[in-house]
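Take a look at the structure below.
Atoms within each ligand, like the ligands themselves, are counted from 1 in listed order. In this chain, residues are counted from 1 in sequence order. Predicted model only: the values in this text are computed from it and were never measured.
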Amino acid sequence: METSQWKLPDHPKLPKGKTVAVVVLDGWGEANADQYNCIAVADTPTMDSLKQGAPDKWRLVKAHGTAVGLPTEDDMGNSEVGHNALGAGRIYAQGAKLVDFALASGKIFQGEGFKYIEECLENGTLHLIGLLSDGGVHSRLDQLQLLLKGAAEHGAKRIRVHILTDGRDVLDGSSVGFVEILEKDLEELRKKGVDAQIASGGGRMYVTMDRYENDWGVVKRGWDAQVLGEAPYKFRSAVEAVKKLREDLKVSDQYIPPFVIVDENGKPVGPIVDGDAVVTINFRADRMVMVAKAFEYENFDKFDRVRFPKIRYAGMLQYDGELKLPSHYLVEPPEIERTSGEYLVHNGIRTFACSETVKFGHVTFFWNGNRSGYFNPELEEYVEIPSDSGITFNVQPKMKALEIAEKTREVILSRRFDQVRVNLPNGDMVGHTGDIEATVVACKAADDAVKMILDAIEQVGGIYVVTADHGNAEDMVKRNKSGQPLLDKNGNIQILTSHTLQPVPVAIGGPGLAPGVRFRKDVSKAGLANVAATVMNLHGFEAPSDYEPTLIEVIDN
Ligand SMILES: O=C(O)[C@H](O)COP(=O)(O)O
Ligand SMILES: [Mn+2]
Ligand SMILES: [Mn+2]
């Protein structure tokens with residue numbers, strides 16, 4: 001786009017030059033207070049005081065389902081679609097939906113990506129690697145089932161599936177059932193003469209699915225099992241593997257150690273070798289970028305791959321548009337362009353973004369439409385506070401909230417930036433562990449961090465926008481349709497480790513907020529995508545006309 005096309009019109013009423021802090025509390029939804037609502041249980045005076053501003057300065061917006069480009073209203077929100085919507089200001093059909101379309105129409109098998117791997121199907125093995133659940137956040141089992149069927153119809157003679165068990169976007173313990181369903185499908189394929197089997201597995205948080213280069217050891221464990229056929233545990237069947245490892249090691253689905261499936265002679269059934277095809281079946285980007293690098297890059301120094309087989313590799317989607325990674329993929333990713341961050345930088349807004357490693361890409365990569373890197377390094381600075389690695393965050397529920405807030409405060413007080421954007425991960429990362437007590441501590445830590453940031457905004461006469469990307473910590477129990485907690489067969493409540501369908505708050509304020517600014521009453525169906533235009537207004541600009549409408553209006557006093 002030409003420089004002149006990036007120019008945003010001045011807002012008729014709102015001034016420029018105010019520091020705007022945009023704070024995203026990850027996994028912070030709104031729900032009725034009870035003992036499983038960790039936000040309500042926690043001491044959160046700052047967020048409570050923002051709520052007092054309703055309806056003019058505090059409101060709820062939708063953060064799940066079609067409001068963020070997901071297939072149905074039963075789809076919970078997630079960080080990718082949430083931050084995409086917050087940053088892009090428009091609703092894009094997201095990966096989950098695009099893959100559904102491509103499979104339903106059969107176009108997936110006509111595209112460049114499938115044609116590329118198809119060449120290996122005659123003589124090589126097709127390996128499918130990915131998250132095995134119906135969570136719909138990173139992947140979906142029904143999509144894998146359709147891909148398996150279609151691949152066999154298009155000539156795959158030997159298929160190996162490398163599973164990653166979930167328990168994070170779905171209930172812990174549900175992985176056994178998903179493996180059983182997959183095994184049935186593979187058996188059907190075998191009856192049709194396709195040599196199809198599960199070859200390896202492991203829990204998603206311990207094997208393969210690391211993100212933002214927090215811990216390459218995770219990807220290495222996956223590589224060893226999937227490519228080299230080496231793992232500390234060997235089983236004849238994946239159902240047995242998952243059941244036994246859960247029981248013997250007392251681990252949850254997310255943390256099952258790597259295992260390989262072996263034949264009657266103890267030989268791994270499916271290492272990846274020269275001439276094979278590999279497809280990573282997840283549509284979501286963040287936790288696939290690292291493994292994609294391992295499969296795609298000739299020069300790679302993150303761990304010793306031992307063997308780098310000559311394969312044809314494709315992603316379900318292209319995971320990083322800037323790096324063009326991977327170079328082959330089955331489905332075109334959403335083309336998220338002209339994000340608010342890019343516009344604002346073109347209009348001279350000096351931008352700072354910060355989180356700790358586990359969410360760093362959320363306020364940079366996802367915010368900017370799945371694009372890594374700066375738009376203009378002279379105007380932007382992105383700071384990553386290193387996360388602890390190798391731990392589950394219930395043992396450190398405060399995570400790096402204090403460090404993020406301190407850095408943000410320092411940057412606000414320096415007045416070097418016009419927009420200061422942060423993600424506070426606690427409610428989400430600790431919520432995913434299912435540890436209710438720790439999640440309460442996490443929510444308080446996030447609230448403390450918000451306070452520090454708002455205090456700094458107060459000092460510089462700035463403006464704040466506090467919001468969240470989807471729910472998590474506000475509901476930690478699986479419920480029936482009438483909202484009652486569900487019990488398992490032993491009478492214990494079923495802990496909900498996943499996100500929720502709840503709306504999230506948006507709060508505005510600060511001494512720099514022009515008098516007369518308040519939330520409009522006429523955008524009742526607002527979602528996260530309405531936040532971008534709102535933030536642009538607070539910087540003194542009108543949003544582009546195709547953006548979702550702003551949430552605010554200015555009343556003449
Ligand atoms: O990747 C994860 O950790 C979960 O599947 C979703 O969490 P996020 O969408 O908040 O990152
Ligand atoms: Mn999130
Ligand atoms: Mn999450």
Numbered atoms and elements of ligand 1 in range of [X], under 4.0 angstrom, heavy atoms:
{"X": "His499", "result": "6 (C), 7 (O), 8 (P), 9 (O), 10 (O)"}
{"X": "Arg287", "result": "1 (O), 2 (C), 3 (O)"}
{"X": "Lys359", "result": "8 (P), 10 (O), 11 (O)"}
{"X": "Asp26", "result": "10 (O)"}
{"X": "Asp169", "result": "4 (C), 5 (O), 6 (C)"}
{"X": "His470", "result": "10 (O)"}
{"X": "Arg168", "result": "2 (C), 3 (O), 4 (C)"}

- prompt: Tell me, which N, O or S atom in Asp469 is closest to the Mn ion (ligand 2)?
  reply: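 Restricting Asp469 to its N, O and S atoms, the minimum distance to the Mn ion (ligand 2) goes to OD2.
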
query: What N, O or S atom of Asp26 is found closest to the Mn ion (ligand 2)?
result: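 This residue's closest N, O or S atom turns out to be OD1.
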
Taking atom types as modelled, is there a side-chain donor on [X] or [Y] under 3.5 Å from an acceptor on the other?
{"X": "Asn32", "Y": "Asn37", "result": "no"}
{"X": "Thr392", "Y": "Tyr255", "result": "no"}
{"X": "Asp185", "Y": "Gln145", "result": "yes"}
{"X": "Gln226", "Y": "Ser200", "result": "no"}
{"X": "Thr351", "Y": "Tyr374", "result": "no"}

- request: Take Tyr212 and His362 through the test ring-ring contact (aromatic ring centres under 6.0 Å, His included) and record every step on the way to the result.
  value: CA-CA 10 Å; Tyr212 308 142; His362 290 36; 5.6 Å; yes

Residue-level breakdown please: for [X] versus ligand 1, do any non-hydrogen atoms fall below 4.0 Å on the side chain, on the backbone, on both, or on neither?
{"X": "Asn472", "result": "neither"}
{"X": "Met209", "result": "neither"}
{"X": "Arg204", "result": "side chain"}

Measure from the Mn ion (ligand 2) to each N, O or S atom of [X] and report whether any distance is below 2.8 Å.
{"X": "Asn423", "result": "no"}
{"X": "His470", "result": "yes"}
{"X": "Asp428", "result": "no"}

- prompt: Hey, does Leu147 have a side-chain heavy atom less than 4.5 Å from the side chain of Leu330?
  reply: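 They are in side-chain contact.
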
query: For atom 8 (P) of ligand 1, which protein heavy atom lies nearest, and how many Å away is it?
result: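 Atom 8 (P) of ligand 1 sits closest to the protein heavy atom Ser79 OG, 2.8 Å.
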
field: Ion pair check, Lys62 and Glu73, cut-off under 4.0 Å
entry: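 Yes, this pair counts.
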
- prompt: Is the closest basic N to carboxylate O distance between Asp448 and Lys398 below 4.0 Å?
  reply: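 Salt bridge: no.
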
field: Distance flag, aromatic centroids of Phe519 and Trp58, threshold under 6.0 Å
entry: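 Not under 6.0 Å, so no.
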
message: Please give the atom name: the N, O or S atom of His499 nearest to the Mn ion (ligand 3).
response: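 Of all N, O or S atoms in His499, the Mn ion (ligand 3) lies closest to NE2.
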
message: If I take atom CG from residue Leu501 and atom CG from residue Asp75, how far apart are they, to the nearest 0.5 angstrom?
response: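 Leu501 CG to Asp75 CG: 8.5 Å, rounded to 0.5 Å.
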
task: Mark the output for Met205 as yes if a heavy-atom distance to ligand 1 is under 4.0 Å, and as no if none is.
output: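 Met205 does not count as a contact of ligand 1 under the 4.0 Å cut-off.
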
[X] N/O to ligand 1 N/O under 3.5 Å:
{"X": "Asn78", "result": "no"}
{"X": "Asp428", "result": "yes"}
{"X": "Arg211", "result": "yes"}

message: I'd like to know if the side chain of Asp447 reaches the main chain of Cys443, judged simply by a donor and an acceptor atom lying under 3.5 Å from each other, with no hydrogens or angles considered.
response: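 It does not hold such a pair.
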
query: Are the side chain of Arg421 and the backbone of Val363 linked by a donor-acceptor contact shorter than 3.5 Å?
result: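 Confirmed, Arg421 side chain pairs with Val363 backbone.
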
